[in-house]
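This report concerns only the one structure given below.
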There are 2 protein chains.
Amino acid sequence: MRREAQVPATSRPTSRDVAHEAGVSQSTVSLVLGGKWTGRVSPATARGVREAAERLGYRPNQAARNLRLGTTRTVLLMVPTLTAPFFGPVHTGAVRVAARHGFGVVAYVWPDDTGPADSPFAAPHEAIDGILASSMAVDALARFGGTPAVMLDSDPAGSAATVGFGVADGMRAIAAHLAELGHRRIGHVAAAVDQWTFRARAQALAGAVAGLPGGVLSRSTCAIGVTPAKDAAARLLAQPDPPTALVCDDDLIAAGAYKAARALGLDVPSDLSVTGFDDVLLATALEPELTTVRLPAEELGAQGMAVLLELLGGGRPARRVLPGELVVRGSTGPPRAIR
Amino acid sequence: MRREAQVPATSRPTSRDVAHEAGVSQSTVSLVLGGKWTGRVSPATARGVREAAERLGYRPNQAARNLRLGTTRTVLLMVPTLTAPFFGPVHTGAVRVAARHGFGVVAYVWPDDTGPADSPFAAPHEAIDGILASSMAVDALARFGGTPAVMLDSDPAGSAATVGFGVADGMRAIAAHLAELGHRRIGHVAAAVDQWTFRARAQALAGAVAGLPGGVLSRSTCAIGVTPAKDAAARLLAQPDPPTALVCDDDLIAAGAYKAARALGLDVPSDLSVTGFDDVLLATALEPELTTVRLPAEELGAQGMAVLLELLGGGRPARRVLPGELVVRGSTGPPRAIR
DNA sequence: CTGAAAGCGCTTACAG
DNA sequence: CTGAAAGCGCTTACAG
């Protein structure tokens, strides 16, 4: 009978230890600490239990709780990458709200390039209560079956709960800002990424320029990175009648546009205006500082988690949209012609 | 007797279902799927079990496994922030290795500013097997008691397992590069962060400049951010005999140094050389591109996790050091005087 | 080679 | 108001 040697000695107190310390039964401890005691346990007993738990430094065993309840109190945050500056804050916001409700967050980079697991007890999505999916295609969630999910910055057309950004409004604000400065020939350096958020940006910009008397829109696409963006911007600037302003799908692409301008000896903003999108840290590190649309990334994570918790609680949360804000800095000015 | 209504119907097959499907006992299923069957279960039976599991789409219940084994297969990754560009890749590397061994990674931002939890079943560090702590003080681990931990880019003097960067060598490489270009008056724009990695950088630079005939080192400190760094750099450049090169503790600080130079009408690199540290994405977004030391962040996360897994397996892993690599780009050149 | 059984630490219907 | 007991789904010593 060496049963006790089977399980590594964790020395952590259990609810049974607390019960012994408080002189009550284990079920009473569970009731009290679970907050379901009112009307069922006397206040004096409840206090005694709490004091005993405190003395022993008792913390419930999550695994046991999860097993019993059939839940995990864990949420999967699916992001296309954690390396891009945008998604760190999303994670931070999600964790902040989750922690407040006793939930943990596991970040999962999608598409998955971590390769197959050695063990059959692998992927974190085997043991989660819900999914927070950022900038993902709706159908990518199919393989997760009926797991409650909230889509972030994604197509609101589907049936899934969503928290979005006002990307179309943001893009229109940029267009209006440039139009007011006098720009008519606009170049769109677009992300070659098949996501709703970028399609929405392109569509909003196209609509705005189409509504502008004399407005001309040209477009070039690239991967989200400085060098590809530089090339795409250079292609637009090499046209016979080049744009006087480059609207970029995100701040990183704008950094590439700066480089293209410099390579051609063009000054930003006197020869060329450039705008970004997102307002990540990079935007103020660049010279001149970048005119862009600020998207509240941390708030997206926080509200997304709040909506997911509502969903898990049986609610039917309404769609939320977080507005983007135009931040005018030094990278935009009147075009050379009307200066 | 409505027992079955107690637990939410997950409809997931259990090992008992697999046993029924395969016509064997539940313990046999566990043995086979746990990989401990050789010599105890006939190959034919084992195959039958595996086929049944496949047919049913069986995945073991982690909570039950954790409860039984007293482990969680979860590792906590503690980082000072996920918002800075450096730590995303560390997380990515850690997840890559962890997933391969059936471990999950929960990122935990330290110091903790998420506030207290509403529920007593809160902080993720109540249910983890090990800790990966990046750029942290050794004593911050104290509250986690005996939990196995690996320190990343931290003081190797302690007793904890560590995976480090060759930060001192990296700093010496920068100093040598600048010395060779002809610089003698060096300004150090140092991070005002009490971490071993920055102390090591400062010490290495001081040593290198001290060994340089005619070498003069001045230093100014700042928070890690563009604006504070700009101010700190400006202070150094306002000295009567200003440095001809600014050595910055990381790339973000270097971005601030660029701004200070521009505000004074100084060209980088013809009037002032600037160097960074880390080689994050920002380094090539800047103009001119930044001479810096590349630290393999993703590899730090990956090797850190490998060491932690070794530790959890009962090993006594040796300290590992990942070398930094000097990357010479456009921000360094000979000082004006000897041009 | 295979199965019956104990037990990990909880939550909660049920009986007093 | 309180306790004894079942059971969540596993792993593993033990008995055949």
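Each chain gets a letter, A, B and so on, in the order its sequence line appears, and its residues count up from 1.
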Just the rounded figure in Å: distance from [atom2] of [N] to [atom1] of [X].
| X | N | atom1 | atom2 | value |
| --- | --- | --- | --- | --- |
| B:Asn61 | D:dT11 | CG | C1' | 13 Å |
| A:Lys36 | D:dT2 | NZ | P | 19 Å |
| A:Arg16 | D:dG3 | CZ | C1' | 12 Å |
| B:Leu69 | D:dC10 | CG | C1' | 9 Å |
| A:Leu33 | C:dC10 | CG | P | 9 Å |
| A:Gln26 | C:dG7 | CD | P | 16 Å |
| B:Leu67 | C:dG7 | CG | P | 14 Å |
| A:Arg40 | C:dC14 | CZ | P | 12 Å |

What nucleotide, of [options], holds the atom closest to the side chain of [X]?
| X | options | result |
| --- | --- | --- |
| A:Ser27 | C:dA5, C:dT12, C:dC10 | C:dT12 |
| A:Ser30 | C:dT11, D:dG9, D:dT2 | C:dT11 |
| A:Pro60 | D:dT12, D:dG9, C:dC10 | C:dC10 |
| A:Arg68 | C:dG9, C:dG3, D:dT11 | C:dG9 |
| B:Arg65 | D:dC10, C:dC1, C:dA4 | D:dC10 |

Mark yes or no for whether A:Asp129, through its side chain, and A:Val75, through its backbone, hold a donor-acceptor pair below 3.5 Å. no

Quick one: does any side-chain atom of B:Thr28 pair with a main-chain N or O of B:Gln26 as donor and acceptor, under 3.5 Å? no

Has [X] got a side-chain N or O lying under 4.0 Å from the OP1 or OP2 atom of [N]?
| X | N | value |
| --- | --- | --- |
| B:Thr14 | D:dG9 | no |
| A:Ser42 | D:dC1 | no |
| B:Ser25 | C:dA4 | no |
| B:Ser15 | D:dG9 | no |
| A:Thr45 | D:dT2 | yes |

Rounded distance [0.5 Å steps], NE2 in B:His101 versus CG in B:Leu309: 5.5 Å

Nearest 0.5 Å please: distance from the CD atom of B:Glu299 over to the CZ atom of B:Arg96. 6.5 Å

Student check: side-chain heavy atoms of A:Leu33 and A:Tyr58 closer than 4.5 Å: yes

Do B:Gln195 and B:Pro80 touch side chain to side chain, with heavy atoms closer than 4.5 Å? yes

Please compare B:Ala64 and B:Leu31 by the position of their nearest nucleotide in DNA chain D and report the one closer to 5'. B:Ala64

With both distances under 3.5 angstrom, what nucleotide forms a Watson-Crick or G-U wobble pair with D:dA4? none

In the strands shown, is C:dA13 matched to any nucleotide by a Watson-Crick or G-U wobble pair with both distances under 3.5 Å, and which? none

